[in-house]
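Below: the structure, in structure tokens.
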Amino acid sequence: MTQRGLRLEGAPNTRDLGGLVTADGRTVARGRLYRASALGRLTDEDVELLRGRRLRTVIDLRDASEIALAPPDRLPDPEPRVIPLPVYDPDHPVFTYVSAVLLGSDGDEHEALAEEGTPGAMAAIYRWFVGGETARAQFGSAVRLIAEPGALPAMVHCSAGKDRTGWLSAIVLTVLGVRRDVIEADYLATNEAAAGINAAILGAMRERRPELDEEALLPVFEARPGYLAAAYAEVGRVYGTFDNYLRHGLGLDEAVFGGLRANLLE
């Protein structure tokens, strides 16, 4: 993880997907696709570092309501094209809850989550990533964008760079032939990368409410194997195989698969 991390002070959960190895021994090329959290707190030094990456495309998976509440993304000049592809269901309480907590709310108003518990709600959102109509449309569009000639280097991000960005990364890496255990290890690397900023958010919340139950909030901050497993299980339940999910759920075809491999494999 350390070698692939970009060391952005204002977005520590940012890393290059390059360097991962596929099951047949090929390597995901470095400097072509990055995954990140929101970019509104980048320092001047961070922006300068990104300038050197020569980004052409930024895919933003946040909803307009999340973007409105957060600091505007800071991007280097010349600015890459920014493609908004919101993966968001306003009727799903966990979306609102995650966004509120990441922005410093104590989350008391989201009592609906208590019925199933936050880990269960997080698993439910990963199942929705697979089965939800909006989610399927936006994830499919994102993969097609990444497969376009001339689209790279590209960066994909949401708010925390963990859930929506994590599942999109899993989709792309699966198409490239990366093993599931390697994909899971990259997904879980978020916990190390974001540990400092998560601790700062929890600390600020604790100052406002000393009685805050931090254990109840941790499932929102953490990447957990069970979340990713819930998405994979939903793929199996609904589509039988991941290939069927890619083709029939996301509407992808051989041209897109070939474009991804040409763009991202050495």
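Quick note: residue numbers are just sequence positions, from 1.
Judged purely by distance below 3.5 Å, without hydrogens or angles, the side chains of Arg74 and Thr43 never pair a donor atom with an acceptor atom. Judged purely by distance below 3.5 Å, without hydrogens or angles, the side chains of Ser65 and Asp63 pair a donor atom with an acceptor atom.
Side chain of Asp243 to main chain of Leu246: no donor-acceptor pair is present (N/O by atom type, distance under 3.5 Å, no hydrogens or angles). No donor-acceptor pair under 3.5 Å is formed between the side chain of Arg41 and the backbone N or O of Pro71. Under the 3.5 Å distance criterion, the side-chain polar atoms of Arg81 are left unmatched by any main-chain donor or acceptor of Ala151. At distances below 3.5 Å, at least one donor-acceptor pair connects side-chain atoms of Arg51 with backbone N or O atoms of Asp77. Put simply, the side chain of Lys162 gets close to the backbone of Val220: a donor and an acceptor are under 3.5 Å apart. Counting only distance, with no hydrogens or angles, the side chain of Asn13 and the backbone of Ser37 share no donor-acceptor pair below 3.5 Å. Without hydrogens or angle criteria, Arg144 side chain to Gly251 main chain gives a donor-acceptor distance under 3.5 Å.
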Going through the distances and angles, do Asp24 and Thr22 end up as a side chain to side chain donor-acceptor pair (under 3.5 Å)?
CA-CA 5 Å; Asp24 62 0; Thr22 68; 2.4 Å; yes
What's the verdict on salt bridge (charged side-chain N to carboxylate O under 4.0 Å, His left out) for Arg15 and Asp186, showing C-alpha distance, side-chain angles and the deciding distance?
CA-CA 9 Å; Arg15 57 190 174 274; Asp186 173 73; 3.0 Å; yes
Using side chain to side chain contact (heavy atoms under 4.5 Å, CB included), reason through Phe257 and Arg247 one step at a time and then give a plain yes or no.
CA-CA 10 Å; Phe257 302 151; Arg247 295 175 186 275; 3.6 Å; yes
Given Leu50 and Leu6, is the side chain to side chain contact (heavy atoms under 4.5 Å, CB included) satisfied, shown in steps?
CA-CA 9 Å; Leu50 278 189; Leu6 264 63; 4.0 Å; yes
Taking it one step at a time, do Phe242 and Tyr232 satisfy side chain to side chain contact (heavy atoms under 4.5 Å, CB included)?
CA-CA 8 Å; Phe242 210 95; Tyr232 285 130; 3.7 Å; yes
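Residues Ile67 and Ile59 do not share a hydrophobic cluster, clusters being chains of Ile/Leu/Val/Met/Phe/Trp/Tyr side chains in contact below 4.5 Å. Following chains of ILVMFWY side-chain contacts shorter than 4.5 Å, one cannot reach Leu17 starting from Val21, and the two form parts of different hydrophobic clusters.
The cationic atom of Arg53 (NZ for Lys, CZ for Arg) does not lie both less than 6.0 Å from the six-membered ring centre of Tyr34 and within 45° of the ring axis.
Taking all atoms of both residues into account, the shortest heavy-atom contact from Ala11 to Leu42 is CB-CD2, 3.7 Å. Heavy atoms only, all atoms of each residue included: Asp16 and Gly31 are closest at OD2-N, 2.7 Å. In terms of heavy atoms, Tyr187 sits closest to Gly166 at CD1-CA, 4.3 Å. Minimum heavy-atom separation, Pro12 to Ala193: CB-O, 3.5 Å. Residues Arg164 and Cys158 share a closest heavy-atom pair of NE-CB, 3.7 Å. The two residues Asp46 and Leu8 make their nearest non-hydrogen contact at OD1-CA, 3.4 Å.
The CZ atom of Arg35 lies 4.5 Å from the OG1 atom of Thr190; values are rounded to the nearest 0.5 Å. Considering CG of Leu260 and CG of Leu173, their distance stands at 10.0 Å, rounded to 0.5 Å. Rounding to the nearest 0.5 Å gives a distance of 11.5 Å between CD1 of Ile83 and CD of Gln138. For the atom pair CE of Met155 and CG of Asp60, the computed distance is 11.5 Å after rounding to the nearest 0.5 Å. We find the CG-CG distance between Asn263 and Leu33 to be 9.5 Å, quoted to the nearest 0.5 Å. Note that OG of Ser159 is 9.5 Å distant from OH of Tyr88, once rounded to the nearest 0.5 Å.
Contact annotation: the side chain of Glu234 approaches that of Arg237 to within less than 4.5 Å [non-hydrogen atoms, C-beta and beyond]. Between Val143 and Leu168 the shortest side-chain heavy-atom distance falls below 4.5 Å. Looking only at side-chain heavy atoms (C-beta outward), Trp128 and Val87 come within less than 4.5 Å of each other. In this structure the side chain of Tyr227 never reaches within 4.5 angstrom of the side chain of Ile125, judged on heavy atoms. By the 4.5 Å heavy-atom criterion applied to side chains, Thr57 and Leu152 are not counted as neighbours. Looking only at side-chain heavy atoms (C-beta outward), Met122 and Asp163 come within less than 4.5 Å of each other. Here the side chains of Leu264 and Ile146 are in contact, with some heavy-atom distance below 4.5 Å. Side-chain contact between Leu20 and Arg4 is present, with at least one heavy-atom pair separated by less than 4.5 Å.
For the side-chain hydrogen bond (donor to acceptor under 3.5 Å, both in side chains) with His157, the lone residue among Thr165, Asp73, Thr14 that qualifies is Asp73.
Within 6.0 Å of CZ in Arg54 there are 12 or fewer heavy atoms belonging to other residues, nucleotides or ligands. At most 12 non-hydrogen atoms from other residues, nucleotides or ligands lie less than 6.0 angstrom from CD of Glu133. Within 6.0 Å of the CZ atom in Arg179, the count of heavy atoms belonging to other residues, nucleotides or ligands does not exceed 12. Within 6.0 Å of CD on Glu266 lie more than 12 heavy atoms contributed by other residues, nucleotides or ligands.
The aromatic rings of Trp167 and Tyr245 lie tilted to each other, with the angle between the two planes from 30° to 60°.
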